[in-house]
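Throughout, numbering of the chain's residues begins at 1 and tracks the sequence.
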Amino acid sequence: QDSLNAIPIKHGPIVWRGGTEHIVPSNSAAAFGKRSHIIPFRFNNTQSYILEFSYGVQSGRMRVFRNRDIVLNTTDATVTQNISETETLGADPFKLYIADNSGYTAGRDVVFSISSGATELDGKIAKINTIGTDVGPGDYLDIDFLGLPDYTAGATVGTVTEVFELDLPYSSSDLFESDGTFRLDIQSINDVMYLVHPDHQPRILARTAHDVWT
């Protein structure tokens, strides 16, 4: 018999299912027809993660969640830059002028931390379309504005930090069957995760820090 909002336990009883909370959109949300798969990774009671394996717009990728938030790329200082105080957010395309765009990658997600100006974007996540430089204003990120709230155009102070992502050596058909079944068998032991695929050699995913996975 089907159960609603309950999970059966192998010993016999059922328990209420845990609640859910929206943190960020799925990495495959922008790629219609693509899927994501959520995997737990637990080292101990204080170091546990949720790994999102997905095949999005570009390639297979993994994002990491911890303490009800997405893990940001903090190992490279160039991925966090001050937003120019003199340029504006807005117009078409959605150009975000920053001090230095050399640490960013097109197709990756960024998170806004805004202290003044376009504060509606504070804590929001968006994807980088392209990266470039305009004569005069300087370096910019062309941001995909879909899903972002209306914001106050004008001088803005804050930072833009890239989300940590790990490229996966699997194609869309590698990760998922046509019916959506996830094709990887996974086993975690301490700080490593063994990945077994029917068409590829086994691989080992290792964690050395919250934002360092290889």
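Interatomic distance, CG of Leu51 versus OG of Ser36, reported as 12.5 Å (0.5 Å rounding). Summarising the geometry, atom CG belonging to Asp144 is positioned 11.5 Å from atom CD1 belonging to Ile125; distances are rounded to the nearest 0.5 Å.
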Show the numbers, then the answer: is there a side-chain contact (heavy atoms from CB on, under 4.5 Å) between Val111 and Val163?
CA-CA 7 Å; Val111 173; Val163 171; 3.8 Å; yes
side-chain contact (heavy atoms from CB on, under 4.5 Å) evaluation trace for Leu175 with Leu184
CA-CA 7 Å; Leu175 285 178; Leu184 286 174; 4.0 Å; yes
Where do Phe65 and Val24 land on the side-chain contact (heavy atoms from CB on, under 4.5 Å) test, with the steps shown first?
CA-CA 10 Å; Phe65 294 82; Val24 297; 3.6 Å; yes
Would Arg203 and Leu205 count as a side-chain contact (heavy atoms from CB on, under 4.5 Å) here? Give the steps.
CA-CA 7 Å; Arg203 292 180 178 269; Leu205 175 67; over 6 Å; no
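Judged by a 6.0 Å distance limit and a 45° cone about the ring axis, Arg207 is positioned over the six-membered ring of Phe43.
In summary, of the residues considered (Arg66, Arg63, Arg61), a salt bridge (Lys or Arg N to Asp or Glu O under 4.0 Å) with Glu52 occurs for Arg63 alone.
At distances below 3.5 Å, at least one donor-acceptor pair connects side-chain atoms of Asp139 with backbone N or O atoms of Asn101. Listed for the Asn67 side chain is no donor-acceptor partner under 3.5 Å among the backbone atoms of Asp69. Side chain of Ser115 to main chain of Val157: a donor-acceptor pair is present (N/O by atom type, distance under 3.5 Å, no hydrogens or angles).
Between Asp191 and Phe41, the closest side-chain pair of non-hydrogen atoms falls below 4.5 Å.
Every pair passing ring-ring contact (aromatic ring centres under 6.0 Å, His included) that includes a residue from residues 177-210 is listed here, sequence neighbours excluded: His37-Phe182, Tyr49-His210, Tyr170-His197, Tyr170-His200, Phe176-Phe182, His197-His200.
Between Phe112 and Leu121, the shortest heavy-atom distance links the atoms CB-O, 3.2 Å.
Within 6.0 Å of atom CG in Leu166, more than 12 heavy atoms from other residues, nucleotides or ligands are found, so the atom counts as buried in its surroundings.
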Side-chain polar contacts of residues 6-18 - donor-acceptor pairs under 3.5 angstrom, sequence neighbours left out - could you list them?
from: Arg17; atom 1: NE; to: Asn5; atom 2: OD1; distance (Å): 2.9
from: Arg17; atom 1: NH2; to: Asn5; atom 2: OD1; distance (Å): 3.3

